[in-house]
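Just so it is clear, the model here is predicted, and its values are computed rather than measured.
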Amino acid sequence: MREYDHKAIEKKWQDEWTKHQIYKTPKTDRPKQYILDMFPYPSGSGLHVGHVEGYTATDIYSRFKRMQGYAVLHPMGWDAFGLPAENYAIKTGTPPQTSTDAAIVNFRKQIQALGLSYDWDREVGAHNPDYYRWTQWFFLFLFKNGLAEKRMARVNWCPKDQTVLANEQTVSEDGVKGVCVRCGTPVEQKELSQWFFKITEFADDLVKDLDTVDWPESTKINQRNWIGRKEGVVVPHVVSGTDLTLHTFSAYPAWLFADTFIVIAPEHPLVPALVQGTEAESAVMSFVAAAQKKTTEERGDSKEKLGIFTGRYAEDPFRKGEKMPIWIANFALMDFGTGVIRCSSHDARDYEFAQKYEIPLRHVVGDGSFVDAHDNAGVLIDSGPFTGRTISPELIVEMIDWMVSHGIAERKVTYRLRDWLISRQRYWGAPIPVVYDPSGVPHPVPEEHLPWMLPTDVEYQPKGSAPLGTSQELIERTERIFGPGWKPEIDTMDTFVCSSWYFFRFADAKNSNAFASPEAIAAWVPVDLYVGGAEHTVLHLMYARFFTKALKRFGYVSFDEPFLKLRHQGTILAEDGTKMSKSKGNVINPDDVVELYGADTVRMYEMFMGPLEAMKPWNTKGIIGPRRFLERVWRLTDKVGDGALGAAEAVFNQTIKKVGDDIQTFGLNTAISQLMICLNAFEELPVVPRAAFETYLKLLAPFAPHLTEELWHELGHTTSIHLESWPTYDDTKLMADTVVIAVQVAGKTRGTVSVSHGASQEQVLAVAERDLKLAQYLPQTPSRVIFVPNKILNLVP
RNA sequence: GCCGGAGUGGCGUAAUGGUAGCCGCGCACGACUCAAAAUCGUGUCCCGCAAGGGGUAAGAGUUCGAGUCUCUUCUCCGGCACCA
């Protein structure tokens with residue numbers, strides 16, 4: 001018999017599919033599905049098995065949806081700007097353009113070898129000028145609408161990579177904080193003028209609209225935590241003997257009567273004025289200087305509370321006539337709230353600080369032992385008009401109303417989310433389309449000069465300023481267009497900017513008049529299904545949502561959220577259960593496995609390993625299972641002929657139902673399991689009816705596109721199986737004629753009986769009573785009988 | 001510390017509150033073979049010859065019936081964390 005030669009078959013059909021363009025995106029004259037993978041960074045080391053997992057899942061889903069009759073958009077592209085290519089250039093002198101293009105060629109080849117059904121006509125690369133001209137357009141769009149601005153900022157600076165990092169990029173992949181995400185070097189603080197996108201303007205919507213999308217709950221929670229929305233009050237305090245006012249923020253207004261002192265962040269702008277001319281001035285200012293020098297890492301590392309008394313007192317609006325000492329404290333963060341905090345005995349951190357520096361405390365709940373304000377529970381004492389009241393959500397509202405009406409406080413919402421710093425002192429990114437006039441004022445580069453080309457005459461070696469500064473061409477271009485004395489912006493954009501809008505581009509990838517036409521956007525976006533790694537739960541998704549909301553605000557799109565349904569693929573671990581890493585040498589290269597077993601086997605194996613979202617270890621021995629399965633399907637052709645399904649009819653119909661249901665809900669492992677069960681049943685038959693086998697091939701087609709296409713053609717078909725319709729099942733034939741029912745006594749299974757499908761309680765009981773083994777357990781006069789048709793009969797004595 | 005998620009055979013895993021362990025890997029035995037591989041068949045949670053009993057991290061609860069629901073505890077994973 002002929003051999004299952006995966007190499008020949010897979011190559012043959014991949015070529016055929018390309019030739020006949022069977023995965024070309026159709027017109028949207030019928031319901032559409034936009035099914036998207038997070039586009040990869042084309043790294044030099046190629047595709048890894050984690051990519052294969054996510055891409056196979058969306059491929060199966062796309063093929064399924066096409067067979068169901070949907071117009072499917074399923075594209076692929078390259079998140080091609082980024083540091084690795086630039087670091088490689090620094091090391092070897094190879095231009096990033098060259099190494100990136102080579103990596104893309106390799107990625108594309110690997111992806112095509114897997115039989116993934118992308119529409120390559122819509123391929124995009126973030127590093128191509130016809131792409132980044134629109135990235136630059138987005139910058140101008142935000143700038144013109146007041147959502148981008150340049151300002152001085154204390155920024156995270158990586159001394160090794162010589163670049164600014166966003167807060168999010170100061171955590172290593174292993175979770176170490178205060179280090180460069182790329183190289184692990186401890187991050188320093190630097191004051192620089194930088195471009196920001198005002199994502200904080202959308203903070204409320206970014207929280208609220210999470211309720212409208214079908215995303216993993218944990219991802220939504222991560223987003224909410226990152227935004228860190230907190231409702232509370234701001235209380236102004238007059239500083240005695242000055243004309244200064246300090247504003248504190250509190251998210252626990254019920255406890256404000258407890259506060260006895262105030263702390264202020266070392267970098268707070270009012271600190272110098274606060275201590276100016278006082279005895280404490282020099283001591284305080286040197287404390288502040290010492291605190292500022294510390295890197296984020298050092299600050300985070302030691303949680304030791306350090307502080308110094310300013311010599312000043314604030315008047316307590318909650319207790320007329322009482323004064324609260326004002327301290328500088330290292331735990332007060334300028335980045336949160338107002339940078340000034342009212343402190344009390346009901347906060348573990350404040351309490352520790354007060355003990356250390358012998359600051360007097362009082363309590364408003366309990367008998368003096370520690371009660372945490374975060375619990376928001378207890379009966380208030382010594383709390384003005386609220387003494388004796390029990391803390392409750394209603395009381396908190398009442399207290400806030402009282403504070404507001406007495407002019408003590410104002411309502412305030414704060415966020416942890418910061419504006420998005422997008423300036424990067426790097427080469428391999430989209431140039432920021434800004435020029436400076438001779439007096440240093442920034443001007444947007446007019447749209448007719450886009451793409452504002454990334455120059456190639458640059459020095460890659462980092463010298464502490466941006467590489468674009470070394471480009472003669474860029475400087476000359478700027479002066480030629482704008483006039484003598486004009487200077488180019490030499491920073492490039494954070495690569496997350498490129499990936500914040502690429503899903504729009506796929507809808508209209510070749511448009512040279514707009515990032516995508518309104519018609520194309522209306523036809524395809526938002527994305528119906530988005531699949532990618534869980535490592536992007538915060539940054540990329542947040543930024544893409546921000547871009548979408550900005551477009552919505554200014555009338556470019558009509559929807560609020562870009563990704564309606566999101567799923568993550570879990571990490572695939574090495575065989576020993578640890579993370580795959582080059583340094584440990586335990587990385588599985590998909591090419592090797594595809595070579596040995598074939599793409600269909602690798603696809604099926606990765607889907608069969610377990611639930612898509614689960615973290616699971618690779619098991620080289622386990623691959624043989626799906627391979628054997630495909631070989632058995634291959635051999636089954638010999639048994640195809642004229643015959644009846646007989647005993648396999650119920651399993652066959654169940655399989656049609658379950659495979660469809662499971663693909664829809666991403667239970668791809670159980671869908672494959674069901675296909676195996678069905679095959680086992682087919683193998684019991686003397687002859688497999690041709691129609692049933694063809695249906696079976698259609699069910700298997702999304703998983704193993706090459707093998708099913710080959711067998712489909714062997715059966716005499718001349719068109720692709722992937723253009724067939726998804727099979728339907730016979731509702732009336734889902735159950736076998738005979739069912740096995742568990743017979744229980746008081747919930748304990750005592751045996752089983754075989755009865756015809758749909759048998760009544762009386763019929764089942766009659767059969768059970770005739771069963772000698774069972775009869776001995778059955779109670780004569782059951783007090784209760786529970787009967788679930790086709791499942792159980794339970795007699796309670 | 002806070003917020004999520006998860007604990008089931010030797011392994012990956014499966015079970016609308018209804019016979020726990022489907023499907024696959026591995027292993028054992030058998031068939032085929034001079035032999036091996038491949039393939040096919042049988043078996044494979046634990047104790048027990050069997051009848052039977054026990055069993056889904058531990059303990060309690062709800063229920064005729066709990067891997068599944070509730071509470072307590074333990075462990076592991078992910079995220080956030082001096083956040084006012």
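Atom CD1 of I221(A) and atom P of rC77(B) are 20 Å apart (whole Å). Residue I624(A) contributes atom CD1, which lies 16 Å from atom C1' of rC27(B) at whole-angstrom precision. Whole-Å rounding puts the L793(A) CG to rG18(B) P distance at 16 Å. Taking atom CG of L539(A) as the reference point, atom C1' of rG79(B) lies 13 Å away to the nearest angstrom. For I786(A) and rA66(B), the CD1 to C1' distance is 15 Å, given to the nearest whole Å. Remark: P of rA14(B) and CD1 of I672(A) are 12 Å apart, rounded to the nearest angstrom. Here rA15(B) presents its C1' atom at 16 Å from CG of D661(A), a figure rounded to the nearest Å. Rounded to a whole Å, the CG atom of D662(A) is 16 Å from the P atom of rC23(B).
In rG65(B) the base sits anti relative to the sugar, since the glycosidic angle is further than 90° from 0.
Listed pair R349(A) / rA81(B) fails the phosphate criterion, with no side-chain N or O lying under 4.0 Å from OP1 or OP2. OP1 or OP2 of rG26(B) has at least one side-chain nitrogen or oxygen of R628(A) nearer than 4.0 Å. Between rA51(B) and R750(A), no contact under 4.0 Å exists linking OP1 or OP2 to a side-chain N or O. Listed pair R416(A) / rA81(B) meets the phosphate criterion, a side-chain N or O lying under 4.0 Å from OP1 or OP2. For K616(A) and rC25(B), the shortest distance from a side-chain N or O to OP1 or OP2 is not below 4.0 Å.
Residue-level contact check: K305(A) touches the bases, meaning some heavy atom is under 4.0 Å from a base atom. Within 4.0 Å of T670(A), counting heavy atoms only, lie sugar-phosphate atoms of the nucleic acid but no base atom. Among the atoms of the strands shown, only primed sugar atoms or phosphate atoms (P, OP1, OP2) are found under 4.0 Å from some heavy atom of Y252(A). Among the protein residues, V740(A) comes within range of the nucleic acid bases, having at least one heavy atom under 4.0 Å from a base atom. Among the protein residues, N225(A) comes within range of no part of the nucleic acid, since none of its heavy atoms lies under 4.0 Å from any strand. Counting non-hydrogen atoms under 4.0 angstrom, R627(A) reaches nothing in the nucleic acid. Counting non-hydrogen atoms under 4.0 angstrom, G339(A) reaches a base of the nucleic acid. Among the atoms of the strands shown, only primed sugar atoms or phosphate atoms (P, OP1, OP2) are found under 4.0 Å from some heavy atom of N669(A).
Residues passing the salt bridge (charged side-chain N to carboxylate O under 4.0 Å, His left out) test with D731(A): none are found, sequence neighbours excluded. Annotation: salt bridge (charged side-chain N to carboxylate O under 4.0 Å, His left out) contacts of D372(A) (sequence neighbours excluded): none. For E410(A), the salt bridge (charged side-chain N to carboxylate O under 4.0 Å, His left out) test picks out no residue, with sequence neighbours left out.
Proximity of the aromatic rings of W618(A) and Y605(A) is defined here by a centroid distance below 6.0 angstrom, and this criterion is met. Taking the six-membered ring wherever Trp is involved, the centroid distance between the rings of H374(A) and Y252(A) falls below 6.0 Å.
Side-chain proximity of F608(A) to the nucleotides rC25(B), rA14(B), rG12(B) is greatest for rG12(B). Closest to the side chain of L333(A), out of rC77(B), rA84(B), rU39(B), is rA84(B). Set against rC23(B), rG18(B), rU19(B), the side chain of S673(A) has rC23(B) as its closest nucleotide. Nearest to the side chain of Q744(A), among rG18(B), rC64(B), rA84(B), sits rG18(B).
Listed by residue number, M676(A), I677(A), N680(A) are the residues of residues 675-687 of chain A with a heavy-atom contact under 4.0 Å to RNA chain B.
Nucleotides rC80(B) and rU72(B), compared at atom P, are 27 Å apart to the nearest Å. Comparing the C1' positions of rC71(B) and rA84(B) gives a spacing of 33 Å, expressed to the nearest Å. Taking atom P in both rA57(B) and rA66(B), the straight-line distance is 15 Å, to the nearest Å. Between the C1' atoms of rC29(B) and rA20(B), the separation comes to 27 Å (whole Å). Rounded to whole Å, the separation between the C1' atoms of rG52(B) and rG79(B) comes to 49 Å. Look at the P atom in both rC23(B) and rU44(B): the space between them is 12 Å, to the nearest Å. Spacing of C1' atoms, rG9(B) relative to rG67(B), comes out at 14 Å, to the nearest Å. Atom P of rG61(B) sits at a distance of 23 Å from the matching atom of rU19(B), rounded to the whole Å.
Residues F629(A) and L700(A) meet the side-chain proximity criterion, which asks for heavy atoms closer than 4.5 Å. In this structure, the side chains of M542(A) and I227(A) come closer than 4.5 Å at one or more pairs of heavy atoms.
Sorted by first then second residue, the side chain to side chain donor-acceptor pair (under 3.5 Å) pairs that include residues 665-674 of chain A, not counting sequence neighbours, are T655(A)-Q674(A), D662(A)-T670(A).
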Show which side-chain atoms of residues 745-757 of chain A pair as donor or acceptor with protein atoms under 3.5 Å away, not counting sequence neighbours.
residue	atom	partner	partner atom	Å
T749(A)	OG1	Q744(A)	NE2	3.3
H757(A)	NE2	N790(A)	ND2	3.3

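Both V745(A) and T338(A) sit near RNA chain B, but only V745(A) has its closest nucleotide nearer the 5' end. The residue among A746(A) and E352(A) whose nearest nucleotide of RNA chain B is located toward the 5' end is A746(A).
A salt bridge links K616(A) and E53(A); the closest N-O separation between the charged side-chain nitrogens and carboxylate oxygens is under 4.0 Å. Classification of R627(A) and D600(A) as a salt-bridged pair fails, no side-chain N sitting under 4.0 Å from a carboxylate O. Salt bridge absent: R567(A) and E613(A) never bring a charged side-chain N and a carboxylate O closer than 4.0 Å.
In this structure, rC27(B) forms a base pair with rG43(B), meeting either the Watson-Crick or the G-U wobble geometry with both donor-acceptor distances under 3.5 Å. With a cut-off of 3.5 Å on both pairing distances, rA20(B) has no Watson-Crick or G-U wobble partner at all. Across all strands shown, rA66(B) forms no Watson-Crick or G-U wobble pair with both key distances under 3.5 Å. Using Watson-Crick or G-U wobble geometry with both donor-acceptor distances under 3.5 Å, rG48(B) finds no partner in any strand shown. Nucleotide rC76(B) is matched to rG5(B) when pairs are restricted to Watson-Crick or G-U wobble geometry with both distances under 3.5 angstrom. Across every strand in view, rG59(B) sits in a pair with rC71(B) that passes the Watson-Crick or G-U test at under 3.5 angstrom.
K621(A) contributes no side-chain N or O that forms a donor-acceptor pair with the base of rC11(B) under 3.5 Å. A donor N or O paired with an acceptor N or O is not found under 3.5 Å between the base of rG5(B) and the side-chain atoms of E217(A).
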